[in-house]
S.K.: 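Submitted below is the structure of interest, expressed as structure tokens.
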Amino acid sequence: MSKVVFGIDVGGTTCKCGTFSEDGRLLRKDEIPTRKDEGGSLILPDIRDYINGVLSDMNLTKDDVTGIGMGVPGACLEDGTVNKCINLGWGVFNAANVLSELTGIPVKIGNDANMAALGEFWVGGGLEYNSMVMVTIGTGVGGGVIIDGKPLYGYYGAAAEIGHMPLVDGETERCNCGKKGCLEQVASATGIVRTANRMLTESDMPSSLRAVPYISAKVIFDEAKTGDALAIQVTEYVCRYLGKGLACAAAMVDPEVFVIGGGVSAAGEYFINLIEKYYKEYAFHASRDTKIVKASLGNDAGMYGAAKLILG
Ligand SMILES: [Zn+2]
């Protein structure tokens, strides 16, 4: 049997683990819990144990593995250094070296949003293109830039932090990053709900949202699609900022395509079209017609991208 590659997406609650053949076929997919206790020090040993288990199931040894690619939720450098993953309790250390010492297998790491972008670029929404910017809109807003098939890390490992573009003037509350006015505060799933609650409080406009006991981003988009005026106002506001963020990204990168992923992208064409409307309003004339498409790999994107980091 030819060699295998592992693609592991380390998330705040679970690690999504894929075993791939060297020609890029997904052979096996699992999820293991992310144990964040003890400062996150159990996470890499747990991944080692998982990998050893898979190799034993497949009658393989570490010599049959080309490498392990790993996406992590924080800033990281191409040399494997993690510059804090607050979600995991990790500080600054070389996570690739640690996992490589634990397993005896070469390891490469990347930021999780960058890995999702690489996955979409490889086999998802970015498949037909040479350069792309991905925006993942879920609990937060993540970004990834792929140029000539390679993810952009940045000098400090913080390239493509689109969610923390400081676009919103006058914001009074703080973002998770500690600053005020980040795109994420408006456009993440939580940001969309926050925006809706704010508009519901500040206006007397009748809205079906007032009768909803638990407002989610999905409910807001569903109501906007049925014509609820306040829900429409929320989605317009959110997508205006997203369009502006993409226009800023285009001014730097000028990608061939934008790929929109994350839970909120389930709002579909309505959401994509609204982002596009505002993107065209803000974008520099030469980049005005950049395509905006929906991601297609869902939660598996990061796992695919991590494997692609090894496959090259
Ligand atoms: Zn922020």
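All of these numbers come straight from a predicted model, not from anything done at the bench. Order of listing sets the numbers, starting from 1, for every ligand and every atom in it.
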S.K.: Only pairs under 3.5 Å count here: list side-chain donor-acceptor contacts from residues 90-108, not counting sequence neighbours, and write none if there are none.
M.R.:
unit_1 : atom_1 : unit_2 : atom_2 : d
Trp90  : NE1    : Gly40  : O      : 3.0
Asn94  : OD1    : Ala96  : N      : 3.2
Asn94  : OD1    : Asn97  : N      : 2.7
Asn94  : ND2    : Asp79  : O      : 2.9
Ser100 : OG     : Ile105 : O      : 2.9
Thr103 : OG1    : Leu99  : O      : 2.7
Thr103 : OG1    : Ile105 : N      : 3.2

S.K.: Table please: side-chain donor-acceptor pairs of residues 136-154 below 3.5 Å, with sequence neighbours left out.
M.R.:
unit_1 : atom_1 : unit_2 : atom_2 : d
Tyr153 : OH     : Ile109 : O      : 2.8

S.K.: Do you know which two heavy atoms are closest between Lys180 and Glu171, and how far apart they sit?
M.R.: CD-O, 3.7 Å

S.K.: Can you give me every donor-acceptor pair (side chain of residues 240-261, partner residue at least two apart or in another chain, under 3.5 Å) with its distance?
M.R.:
unit_1 : atom_1 : unit_2 : atom_2 : d
Arg240 : NH1    : Glu281 : OE2    : 3.2
Arg240 : NH1    : Tyr282 : OH     : 2.7
Asp254 : OD1    : Ser287 : OG     : 3.4
Glu256 : OE1    : Asn130 : N      : 2.8

S.K.: Are Ile310 and Tyr50 connected in the hydrophobic side-chain network, where two residues link if heavy atoms are under 4.5 Å apart?
M.R.: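 Each belongs to a different hydrophobic cluster.
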
S.K.: Any donor-acceptor pair under 3.5 Å linking the side chain of Lys308 with the backbone of Gly312?
M.R.: yes

S.K.: Tell me the protein N, O or S atoms under 2.8 Å from the Zn ion (ligand 1), in chain and number order.
M.R.: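 Listed by chain and number: His164 ND1, Cys175 SG, Cys177 SG, Cys182 SG.
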
